[in-house]
Amino acid sequence: MASLTVLAPLDGWCMPLAQVPDPVFAEGMIGDGVAIDPVSAVVVAPCDGEITTVPAGGHAVSIRTAEGVDVLVHVGIDSVKLAGQGFQPLVRVGQSIRAGEDLIRFDLDIVARGAKSLVTPIVVTPVDGLRIARRHEVGPIRAGDVLLELEYAANARAQIARDPVDDGAARRTVTVPLRHGLHARPAALLAKRARAVNTVVTLAAHGKTADARSVTAIMALGVANGDTLAVSASGANAARAVDEVVAGLDDALKLERAAGDESAPGSSSPNDAARIAAASSPAPAARPCTRHAEAGRGSHISDPPIADGTLSGVVAASGFATGFATRLDRVVVAVAENGKGAAEESAELDRALGIVRARLTRIGGVGGTTRREIAEAHLAFLDDPMLNEAAHEHIAAGKSAGFAWRAAIGAAIAALDTLADKRLRERADDLLDIQSHVLLALHGEAQPMTRQLMNDSVIVADELLPSELLSLDRKHLKGICLSGGGPTSHVAILAAAMEVPMLVGLGSALRQVGQREALIVDAERGVLHIAPSAEKIADAQRHAEAWHARRAAERAAAQRECRTRDGTRIEVFANLGSVAEAEAAVAAGAEGCGLLRTEFLFIDRDSAPSEAEQREVYQGIAAALAGRPLVLRLMDVGGDKPLNYLPLPHEENPALGLRGVRTALRYPDLLRTQLRAALRVKPTGVVRLLLPMITEVAEVRAIRSVVDELRGELSHSAPVEIGAMIETPAAALTADRLAAVVDFFSIGSNDLTQYSLAMDRGHPELARRIDALHPAVLKLIALATAAGERNGKLVAVCGGMAAEPAAVPLLVGLGVRELSVVPAAVPALKREVRELTVSDCAALAARCLEVESAAEVRALVAQTIASPGGA
Ligand code: PEP
Ligand code: MG
């Protein structure tokens, strides 16, 4: 037995690794060792060797000894979040070092305040035949004291230092041409090729090796652009296997070129919106591109300062609130350590992986290239043999499936965490995403997790998913502020329904807002005030109270019918997706449902809802509406609302593809089932059918002929009203023709705006410009209302515009007589309409059609109508 001594790198209190407040260390996922709670601020080398890693943040150092043992000193827990603040690395990779020499200088105060803990683990990477024979006892320790004594078998040294390449095996050395090196996507491409050959292929770089089938292992090599990568294999097919894996690099290069810039694969986050936000950054290198990385606050260095303590954004859900900035951490699923037996736990893990795999396949099957690539990279993580092997080893050792999966992912993340390349470190987010998906699947995804919030929380994030919003504790949620996001996204629709003021498109400077910093969310004017004076906060609180009082008065008057000041009847309806919303809508004073988004019934399941199931839901909503009209929109699926039981082809531009009525006509069985369910709702005639994405008369005729045929079958003698959504410029421009074949129009202003301005409705960077008050959109609306009037057909608006105070006078002025909004917006809308006169609105609308921009329209409205929306 040979031995090796590791010395204490810091003064402080020596403690067992198990007491480190991070399972990655405490559970020995990286290796065995001890920890020191430091009182000195200079880390000294614990042994002689060569520096192998120094992460960009300078918070850790790995040293490889002459024996090939890797010793990691990691200052603090979650100190990566400091992104270098408070750390001064004194060494660089490749440098030889002697025990006792200085490695890192750090500021105890900054790290203590900014990291989860100062406790510093010192771990030795596990190697067969190596063990810790003695460790320092718990208690005070001085830098230079003996911390660990390692023993290794005589043959271990050979194994540690072994060249991974067998003599005579096939081997190629390549220079990696990829702009961002081997990050997740290219690693996935390589791994895919490696898994297809029946030979173990090994990659080597920077003195580390990786099984080429493992995405995580490849990424942990830390290969950057221009680095040398050795690809080797042995056995019968070695040469072919090596060529195959090298070809994976070509795949990745082609993809990178096709993407055209750095934004696509390297900075890809699990969400397209976040990617776009990241790509639009003036300083991409310094800006975190995922939610998790966002918590790292690495952007202090390059984000422009927040001028005059305010940021302007786009109102996604109106309101006014004061509160404290709250950044979200990911949901932590509690897992039991011990399993119920290897067979059961393995089966559980496989079941959960299957659920997540199906979901990712579904997500990747539609949408743009980036979305598909990200889904594929996540699938590659999911099927990573190393991760799976590691998890199954933990299970075999008696652990639960959840514990095993978390441990396997934790080790992979820890490996990435030590890399110098920020992009590669940020891929830890993808792993965390996969980790939480699988843990949630293990725990039955159907149960939403509630995230507790501190009092008066204002969520501050790059982006927020609907499921995340739904999981938040509404009681303490005061507002939402996003640097990206779009005002017509589903999360915005949800926020409006939950009456949570929400601003989007606040830009990257939002990342400078500190945790629990005081905020005023003015989602009336679209302004976020950061760290305002006590006086301003007091004013804002008064304003918020007044806002709530006004809301109470509006609610009290909401049950009355709605007429303008000069007596014109304007019906105020609600947009619905469920029975619960229907009940809320009636309570809020809705006079009917102007848009039932039936697609909510069809998505996120493995087979289409049966006629009986649909009928039950529609009937339930009709019952909740108690005789009020129910405008039932036929399923608006396809496009970005995929159905995993429909083999829709992959589309480059889903918004321009098979969606809405096009999908319905392509799948007549689905259509007929839905129509049958709708026609059977009682009382007869309460349901009006609304057709999404209409572009021509023939589509309406085709649906009407199916409806008539089914009416015959079902002995449904009463006529059925059919309306066309005006949400494509084609429909608006041919509204006269359409008016001849429909009973009513409903303007889908969300899509009409996106298609007329050619701007993706969820595009964060364009959020400020996707404005339904653009004169072009108003002109299209004017065409539809004029056609409706000429043909005696009601024109409604069911897009988000109907709930926008500045838009309401224009819509009324243009001839819209029904407005359908989220239930929560009904009372305020009724109040606003009651303050208007049709004659004033018509004059204002006529002027707005002639100006140059949405900004001019808004200015005209503001000048003419006193405080639209009562703001
Ligand atoms: C619209 O496009 O305005 C609309 C109401 O439909 P959706 O938002 O469901 O696409
Ligand atoms: Mg639409």
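Each ligand, and each atom within it, is numbered from 1 in the order the structure gives.
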**Message:** Check this for me: does any side-chain nitrogen of one of E696 and R737 sit under 4.0 Å from a carboxylate oxygen of the other?
**Reply:** no

**Message:** Tell me the nearest of E727, R597, M801, Q754 to atom 5 (C) of ligand 1, using heavy-atom distances.
**Reply:** R597

**Request:** Report, in ascending order of atom number, the atoms of ligand 1 lying under 4.0 Å from any heavy atom of L595.
**Result:** 5 (C)

**Message:** To 10 degrees, how wide is the angle OE1 (E727) to the Mg ion (ligand 2) to OD2 (D751)?
**Reply:** 90°

**Asked** Between the Mg ion (ligand 2) and D636, is there an N, O or S atom separated by less than 2.8 Å?
**Response** no

**Request:** Would you mind listing which atoms of ligand 1 come within a distance below 4.0 Å of any non-hydrogen atom of R761?
**Result:** 2 (O), 7 (P), 8 (O), 10 (O)

**Message:** Closer than 4.0 angstrom, basic N to acidic O: yes or no for E804 and R858?
**Reply:** yes

**Prompt:** What atoms in ligand 1 come closer than 4.0 Å to a heavy atom of G799?
**Reply:** 3 (O), 5 (C)

**Message:** Regarding atom 1 (C) of ligand 1: of the candidates G748, G577, G594, A655, which has the closest heavy atom?
**Reply:** G748

**Message:** Salt bridge or not between R761 and D751? Use side-chain N to carboxylate O under 4.0 Å.
**Reply:** yes

**Message:** Please check if the number of heavy atoms outside E611 that lie under 6.0 Å from its CD is greater than 12.
**Reply:** yes

**Prompt:** Among R817, R569, R628, whose salt bridge (charged side-chain N to carboxylate O under 4.0 Å, His left out) with E591 holds?
**Reply:** R569

**V706: side-chain contact (heavy atoms from CB on, under 4.5 Å) partners, not counting sequence neighbours** = L671, R672, L675, L710

